[in-house]
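Everything on this sheet refers to the single structure shown next.
Below, read A as the first sequence line, B as the second, and so on, with proteins coming before strands; counting in each chain starts at 1. From a predicted model like this one, the values you see are computed outputs, not experimental measurements.
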Number of protein chains: 2
Amino acid sequence: MPPVSIRDVAMRAGVSVGTVSNVLNRPNLVAEATRERVRAAIGELGFVRNESARQLRQGRSRTLGVVVESLGNPYFTDLARGAEAAMNTDGFDALWCTSDGSAAKERRCLDFLEEQRVSGVIITPVGLDAGRIAELRDRGLSVVVLDRRAYDGVCSIRVDHVAGGEIAVDHLTSRHRRLAIVTGPLVAEPITDRYEGAVAAARRAGVAEEHLTTLVQGDLTPTSGMEAARRLLELDPLPTGVFCANDLLAIGLVNALLRTGVKVPEEISVVGYDDIELAGTSVVPLTTVRQPRHELGWTAAELAVAEAGTAEGHEHRGLALSPSLVVRESA
Amino acid sequence: MPPVSIRDVAMRAGVSVGTVSNVLNRPNLVAEATRERVRAAIGELGFVRNESARQLRQGRSRTLGVVVESLGNPYFTDLARGAEAAMNTDGFDALWCTSDGSAAKERRCLDFLEEQRVSGVIITPVGLDAGRIAELRDRGLSVVVLDRRAYDGVCSIRVDHVAGGEIAVDHLTSRHRRLAIVTGPLVAEPITDRYEGAVAAARRAGVAEEHLTTLVQGDLTPTSGMEAARRLLELDPLPTGVFCANDLLAIGLVNALLRTGVKVPEEISVVGYDDIELAGTSVVPLTTVRQPRHELGWTAAELAVAEAGTAEGHEHRGLALSPSLVVRESA
DNA sequence: AGCCTAGCTTGAAACGATTCACGATCTTTG
DNA sequence: CAAAGATCGTGAATCGTTTCAAGCTAGGCT
């Protein structure tokens, strides 16, 4: 049978389409009896609102787009849940897109979301220039930048990764004088910030330049962590404290060290970053820096919803959440 | 400025709206010069198609919904990528929803997708009854069931987990006579199938009933794996071969064993399931059962697209992909 | 010249909801 | 009893696109 429209429901219930719409959207304007009759008709016919028509007429949508690099990192799940929870609370739905770290895919995501007429976008930009952002804003979309410093004229919410890198290395320097920092490509802001904070903390603690080694890996996976362990063990003198830019790296590194017979933390101490579940369940429970992931997602959504709500004058805010050290056994 | 519509573009280019629409959808019907003029106008005004209007008029959408339990399991990423790649190839876009294992949330996801008028749904059902599925199909949606056995009248694609459990345990029984099986709640089909296959293989290999222990954990996380290790070590006599229903469990279990000083695989051999990246990078590289994840996602999308394309007579297919054993060092 | 055809373009009718000014009834009140 | 509310319903206009029958032009053919 052909799709059921509001008109069919009206006919069945013996009322006008306007009344059906009222039952759907302002039920208090409709007399009890009529309301029930319409509801019955809806049930019998299996009517489902056509969101396209609704949105077309209303001009706006109750949908927010979220563009992230990947859903793969377990760190991401909490963020997603936090964001979705906040949106649902405010009657919004989320459209998830992944850029896979490619500027081209990111563009396609944004095009898609614009065509869908989402009322706002939460995004972790990869190849996004100020121009495109301005474009989005001009079209009336609220934009929230996630985990990057504020751009001009948009809200942003991030974690203070400089501080994160600092507390990690502060913890190491209390017992170690020769450090290594294992990181991914120094491109994305969260990574460069962690690195910067780590280096600054090491200097401040008086670690000698020649005793501060940086190992840049191709990505932030456990496989890269193992590779980093190999490179680490070639250093002379051997560093005794290692900071890894995320937990997956740290886990790979620790595992590789253990395979080689190097004791953690006795011979080498390791601090990770993220506090994913695996950090607590690895062979040597990992000392790491925890990010308030759920809160990050929740707040991002709140910002987006708030801005989508206000018609004009909106005060853009750049928020930064603080990470915290979780001490376990690896350092 | 107010949103730019096709009408504004038409005015600017000095043509009718019909022509603009043709440039957008059937450019070959439009004369070269006109086409360029319209394209220029589109660029100058920054016109973006309103997908709602398009969809409303066309009746159908080029969008498929995907409902999965969670995006958290790293196993899931490949599947998502495979599905999205296949859809994009066919000019479809994906709408991702997570049910978080709750029947209520699953219902809300489906409601959302129906209101969006997606042309099909790929779903890993959690609380879905045949009635609701029939409803979806009656409304003209193509339905593909993912990782569950075929329902009546829908396509399905899954991995043969019974076979997966078998090859895992076959590998163990070649050297072990006392086995333990660690699993999550015996509710979801992929888990019960693995269990069933594992038990069948053990029996077939002549493992005595009293030497086949099942440890049912609350979930499939590494934390539960550690818990399982504790329970395992209380058994007497100690099993020497363990099959875990997924890699996260196995990793937690192995790590807990190592912490306690039990040697893997010398004292206890462990086989996991999934072959996530961490399987290869744990302290003792994990022997595990690999699922063709990318292919699973890709094929699911292909099925959905195919069915969405055909108007009427569609032959429903129930596909099952074969898992394979990846032998590393843990068993 | 008259007629055809091919190639472009037009304009109006949908699609399915929301909105809002306006009727129709019924109650209340002076 | 008439006027004034109060309470419910109605129906047409509208959102931005696609679609399609019909119109127009230019050129070729007889």
**Request:** For A/D8 and C/dC15, give me the distance from atom CG to atom P, rounded to whole Å.
**Result:** 11 Å
**Prompt:** Rounded to whole angstroms, how far apart are CZ on B/R117 and P on C/dC15?
**Reply:** 14 Å
**Asked** Do the charged groups of A/D100 and A/K105 touch, with an N to O distance under 4.0 Å?
**Response** yes
Side-chain donor-acceptor contacts of residues 36-45 of chain A below 3.5 Å, not counting sequence neighbours, with atom names and distances?
residue : atom : partner : partner atom : Å
A/R37   : NH1  : A/A13   : O            : 2.6
A/E44   : OE1  : A/R12   : NE           : 2.8
A/E44   : OE1  : A/R12   : NH2          : 2.5

**Request:** Take the protein atom CD1 of B/I6 and the nucleotide atom P of D/dT19, then report the distance between them rounded to whole Å.
**Result:** 11 Å
**Asked** Does B/N25 place a side-chain N or O at less than 4.0 Å from the phosphate oxygens OP1/OP2 of D/dT18?
**Response** yes
**Prompt:** At under 4.0 Å between heavy atoms, what does B/T34 touch on the DNA or RNA strands: base, sugar-phosphate, or nothing?
**Reply:** sugar-phosphate
**Complete:** A/R60 atom CZ is separated from C/dT18 atom P, nearest whole Å, by 11 Å
Measure all distances between protein nitrogen or oxygen atoms and nitrogen or oxygen atoms of nucleotides 10-13 of chain C, and list the pairs falling under 3.5 Å.
residue : atom : partner : partner atom : Å
C/dT10  : OP2  : B/S16   : N            : 2.8
C/dT10  : OP2  : B/S16   : OG           : 3.1
C/dT10  : OP2  : B/T19   : OG1          : 2.7

**Message:** I need the CZ-C1' distance between B/R26 and C/dC8, as an integer number of Å.
**Reply:** 13 Å
**Message:** Quick one about A/R49 and A/N25 (side-chain donor to acceptor, distance below 3.5 Å, no hydrogens or angles considered), yes or no?
**Reply:** yes
**Prompt:** Quick one: which of B/L79, B/D78, B/L319 gives a side chain to side chain contact (heavy atoms under 4.5 Å, CB included) with B/L296?
**Reply:** B/L79
**Prompt:** Which is true for B/V20 with a 4.0 Å heavy-atom rule: it touches a base, it touches only sugar-phosphate, or it touches nothing?
**Reply:** nothing
**Asked** Do the side-chain N or O atoms of B/S21 get closer than 4.0 angstrom to the phosphate oxygens (OP1, OP2) of D/dT19?
**Response** no
**Interatomic distance, A/R7 CZ vs D/dG11 P [rounded to whole Å]** = 11 Å
**Message:** Measuring to OP1 and OP2 of C/dT18, would you say a side-chain N or O of A/R54 lies under 4.0 angstrom away?
**Reply:** yes
**Request:** Would you kindly compare A/R35 and A/A53 by the position of their nearest DNA chain D nucleotide and give the one closer to the 5′ end?
**Result:** A/R35
**Item:** Full working for salt bridge (charged side-chain N to carboxylate O under 4.0 Å, His left out) between B/R81 and B/E84
**Value:** CA-CA 5 Å; B/R81 255 200 269 272; B/E84 199 147 41; over 6 Å; no
**Request:** May I have the distance from B/Q116 (atom CD) to C/dA17 (atom P), rounded to whole angstrom?
**Result:** 14 Å
**Message:** Tell me which pairs pass side-chain hydrogen bond (donor to acceptor under 3.5 Å, both in side chains) where either residue lies in residues 112-125 of chain B, with sequence neighbours left out.
**Reply:** B/E114-B/R132, B/E114-B/R139
**Item:** Phosphate-side-chain proximity, A/R49 and C/dT18, N/O vs OP1/OP2 below 4.0 Å
**Value:** yes
**Request:** Write down the distance between CG (A/L29) and C1' (D/dA6), rounded to a whole number of angstrom.
**Result:** 13 Å
**Prompt:** Is the distance from OP1 or OP2 of C/dT19 to the nearest side-chain N or O of A/Q58 less than 4.0 Å?
**Reply:** yes
**Asked** Can B/D90 and B/R62 be counted as an ion pair, charged N to O under 4.0 angstrom?
**Response** no
